[in-house]
Amino acid sequence: ISLDNSDDMAHASLANAYHKLGDEDKAEKHHEEAIKLDPDYAPHHFNYANTLYDIGRTDEALAGYKKAYELDNTLGEAKEMIAKLGSK
């Protein structure tokens with residue numbers, strides 16, 4: 001990030017690391033930045049949805065899974081989560 005703040009993959013990786021460390025505020029910030037930098041990259045939406053799901057924000061997670069699947073319909077895990085969350 002310090003070398004290239006416009007690297008969406010760096011933000012996505014940092015977001016995932018913060019999530020694993022339990023720092024959800026920083027994770028959310030970097031997921032959002034990754035999406036802002038490359039809004040058409042489905043894995044960014046999927047990973048952010050996973051973070052939201054893990055912290056109990058299931059409505060927002062569902063929207064993220066739907067966006068990820070809309071961008072890339074080969075993301076079977078996104079489709080599974082849509083079905084799981086849509087049935088609640």
Note, Lys84 side chain near Tyr53 side chain (heavy atom, < 4.5 Å): yes
Considering all heavy atoms, the nearest Asp8-Ala34 contact: O-CB, 3.5 Å
Rounded distance [0.5 Å steps], NE2 in His31 versus CD in Glu28: 8.5 Å
Spatial distance of atom CE (Met81) from atom OG1 (Thr58) [nearest 0.5 Å]: 9.0 Å
Backbone of Tyr69 reached by a side-chain donor or acceptor of Asn73 within 3.5 Å: no
Side chain to side chain, Tyr65 and Asn50, heavy atoms closer than 4.5 Å: yes
Derivation of the side chain to side chain donor-acceptor pair (under 3.5 Å) call for His11 and Asn5: CA-CA 8 Å; His11 282 282; Asn5 194 42; 3.2 Å; yes
Contact summary for Ala68 and Ala42, nearest pair of heavy atoms: O-CB, 3.4 Å
Shortest non-hydrogen contact between His45 and Pro39, atoms and distance: NE2-O, 2.8 Å
Atom pair CG/CD of Leu85 and Glu80 - distance to nearest 0.5 Å: 11.5 Å
Within-4.5 Å side-chain heavy-atom neighbours: Leu75 and Asp72: yes
Atom pair CD/NZ of Glu24 and Lys29 - distance to nearest 0.5 Å: 15.0 Å
Separation of Lys66 NZ from Leu71 CG (nearest 0.5 Å): 14.5 Å
CD/Glu32: more than 12 non-hydrogen atoms of other groups inside 6.0 Å: yes
Within the 6.0 Å centroid threshold, strictly below: Tyr41 and His44: yes
Separation of Lys67 NZ from Tyr48 OH (nearest 0.5 Å): 15.0 Å
